[in-house]
Amino acid sequence: MIKLLSGMVLGIVLTGVLAWTQAGAMMFNEYESPFDVEETAARIQANMQALESNGWKLSGIRDPGRAVAASGGNVLPVLLVEACSTDYSKPLLKDDETRILSILMPCTVTVYKKQDGKTYIGTMNAGLMGQLFGPKVAGIMSKVAADQAKFVTFDPKKPAPPLIKVKPGGGGAGGNDIGGC
Amino acid sequence: MNTLIHSGWRAACLALCLVAAPVLAEEAAPPAAQKSASAPQEVVAKTGSSTADHGKFEELQREFASGPEVTAACLECHTEAAKQIHTTKHWTWEYQNPVTGQKLGKKNVINNFCTAVSSNQGFCSACHIGYGWKDDNFDFAAEDAVDCLVCHDTTGKYKKIPGLAGHPTYKVMEWPPKSGKFIDPPDLQKVAQNVGPTSRRTCGTCHFYGGGGNAVKHGDLDSSLNQPMRYLDVHMDAKGPNFTCSTCHVSDAHEVSGSRYSPTAADTEGARLPGQRKPGSAPTCRGCHGDAPHPTDAKLNDHTDKLACQTCHIPEFARGPLHTKMSWDWSTAGRLDENGQRIKVKNSAGRVIYDSNKGDFTYDRYAIPDYLWFNGNIEYTLFGDPVDPDEVLEINRFLGGPDDSGSRIWPVKTFTGKQPIDAGLGTLAVAHTAGKDDAAYWGNYDWEKSLTVGMASVGAEYSGELGFVSTTMRWPITHMVAPKDDALRCKDCHRDNGRLAGIDGIYMPGRDRSVLLDTGGGLLALLALAGVLVHGGGRIVAHRLRRK
C-alpha cells in the first residue's frame, strides 16, 4: 500500500515538474522565417488582410525596441503585428465568463531577430490555450489557431509587400482614436 | 472563473509585459535651441566659444556668386588654410601606404559600391572638399578651389549636389532629377558669415552618405548620428557627452587624424591627456580609456591584449533606424520596364532593393559583425591586379594574426558584391556611370560604352569582354559604441558557435575543447564522487556494526 501511494505521489510530483518546465514552451510556437524582420512582418500583415472574410483586420504594429532605445538601451529588432477578428472576439466579449480573455486581444504575432542573425516568428498556441478554458473558448480558439497557421505561411514568389504602419489605437476592426478590436 | 484566471496567468502576464512603443515613433528631436535672453547671451549663442563673429568681418559683407569667391574671402585672413588643405587626404584623395607600398585613396581604389571615381569625378566630387573637379584637368594647386564651407557651415543650408563638380547649385534646381523636388541655391553670404567648427552634420554630409546614399557604406556611420540618442552611441549622445567627430578625430593643420586605409588596430601608448597628444595621434578608445579600462574587473582587462574594445562594445552595427546596405549585385543592372524606363523596387522597409542603374541590393539592421585578426594593415586589389572570375575576390584583405602582438580581434562589416570586370584583361573594370554624356551607364545602360570610356580614363583599352566577379570588402566597425550594459557578455563568445567561432589561434574556454583536460577533469570529479560515496558508505556500515 505504501509503495502504491508513494508511487502515485512520485508520479504526481513528476507530472507537476514536467508541466512546470514544459508548459511555458507549449503555450507558444516559434518558427524561423526566410525573410528579414520587416518583410516577415509585412507578409504576415498581408496574410492577415487576406483573411478578412474571417473578420481579421490589422489593429497595429509595435516596436518594443523603440521603448528600450528611448531608455538608452539596445535590443535586436522585434516587431509585434497585431490584428483582431470580431468574428472571434465578439462571442468572448459578450459573455461575462470569458470577458477576461480580452487581455489576450488583439491577436499578436511577434517577429524578431536573434543572435544568429536569423528572423523568427512567435505566436501564441491558441489551440492549446483555448482548451484550458472550456469548450466554448476552445472552439473559438481552434479557429484562431487555424488562421494563425495561415498568417505565417508565405509564398516566396510574391514580391515583398510594404510594411503597413497602422498605429496602435488608430485602426483595427472598427477602430477609432482608441483603436478597436 | 478563478480556475480560468489561474490557468491563463502566464499568457496574461506576458501580455501585460508587452508594453511597447508605437513603431512610428521618430527619433528624438534635437534639443530646442534656448532663446537668448540678453545681448551677451546672444553673442555666445551665435559664436559658441569662438572669439570671432564672422558676421562682423568686412571681407564677408558682400554678395558671393560662387563658392570660390567665398574661399578667396576666407583666405584673406586664413592665409595658410588652403596650403594646409592641399596636403590632406580630404583634398588629394590619395594615400601611399608605407607598409604595403600600395597607392590608395579614393582616386585609386576600386570598391564594390559605386566602383571607381575615375571618369566619374563630376559626380563623386560632391564629396570632395573642393570646387571644379570634373576631370583629370582639375588644378589641385588652386587655392580658391578649396571648399571651406562644406566643413565649416553651421547653417545646414549649404549642400553640394552630385554632378556639379563639387559646387553647390547656384540656381533653383530639381533634385533628385525628375523627382519634382526643387532646391534653392544657398545664401553664400549668410553661410560665410556663420562659419564655425566642424560638426557631426558637416562631417556626415559625406561620411554618412558614402557608397551612394545614407547608411550605405560603413554600417556604423549614418545620419542617425546627427542627433543620436544614448543607445546609439554613448559618446555622441546629443543629450550626454555630445561628442563631435573632431572630439576624437583631432586635426592638426587641417589633417584629420584617423584613416580607413591604415587604422590603428592596437594602441599601446595608453591614455593620453590632451597636452600629451601628438599631431596626428590616432583616435583610439585607449587614447582616453587607457590600457586597463575596466576599473573593477581585472579579468576583462586581461582581454585587451587580444580584443579591440570595439569587439565587445559595438555588438551590432546599423543600430539606428536605418538599414545599412550589405550587398550590391551590378550584374542585374539595366533591367527596364515595358516602356524602357528605369525600375526601382523597394523592400518592406521602404529601401530600394532593385534599381536599373545599379542592380540588386540587400540590407540589414542591428547587423552582427564578422570578426577577424587585424594589425592595421590592409592590402587592396587594385586596377591591373589579376582577377579570377570563378573565385570570390577580396577587394581588401585585413592583415594580422594571433601570433602578431600588434593584432587584435576586430569587428568588421563584410560587404559582398558582384561587379564588372574586363574579362579579356582579367582585371577589375572601371565603369563610367555618372554624367550626361552618351557613355554614362546611368542613362543608357550600355556596359560596352561605359567600360570603354571608364577604362580609357585609367589608360587602358577595354577588351570588349564583359564579366562579373563576386567580391567582398571589409570595413572596420568603430562607431556606434553601445552603453556598457549592452556590451557582449562572456557567453556570447565563450560557447559553441559564439561570436568568435571563426577566430583561430587562441584557446577560448567554453568554445574550445581539450580531450586531455576534459577527460582528466571528468575523472577527477568521478574520483571525488567515489571518495565521498566510499567514505559515507563506510561511515554508515561502521555505525551499524557498532550498534550491533
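The model shown is predicted, which means the values in this text are computed figures rather than measured ones.
- A41(A) does not touch chain B: none of its heavy atoms, backbone or side chain, sits under 4.5 Å away.
- There is no contact between D485(B) and chain A, counting heavy-atom distances below 4.5 Å.
- With chain A as the partner, the residue from V345(B), I368(B), T362(B) showing the most heavy-atom pairs under 4.5 Å is I368(B).
- Note: H289(B) and H235(B) have tilted aromatic rings, judged against thresholds of 30 and 60 degrees for the angle between ring planes.
- If you run side-chain hydrogen bond (donor to acceptor under 3.5 Å, both in side chains) between N54(A) and each of D87(A), T86(A), D147(A), only D147(A) comes through.
- With a 4.5 Å cut-off on non-hydrogen atoms, V37(A) does not touch chain B at all.
- In this pair, Y363(B) and H323(B) present their aromatic rings perpendicular. The plane angle is above 60°, beyond the 30 to 60° band.
- Side-chain contact check for N74(A) and R319(B): at least one donor-acceptor pair (N or O, by modelled atom type) lies under 3.5 Å.
- Side chains of I343(B) and D355(B) form no contact here, defined as non-hydrogen atoms less than 4.5 Å apart.
- Comparing D116(A), D36(A), V75(A) by heavy-atom pairs within less than 4.5 Å of chain B, the highest count is held by V75(A).
- Proximity to chain A (any heavy atom under 4.5 Å) is shown, for N497(B), by neither the backbone nor the side chain.
- By number of non-hydrogen pairs under 4.5 angstrom with chain A, the leading residue of R230(B), K346(B), R365(B) is R365(B).
- In this structure, W328(B) and F361(B) have perpendicular ring planes: the angle between them is above 60°, well past the 30° mark.
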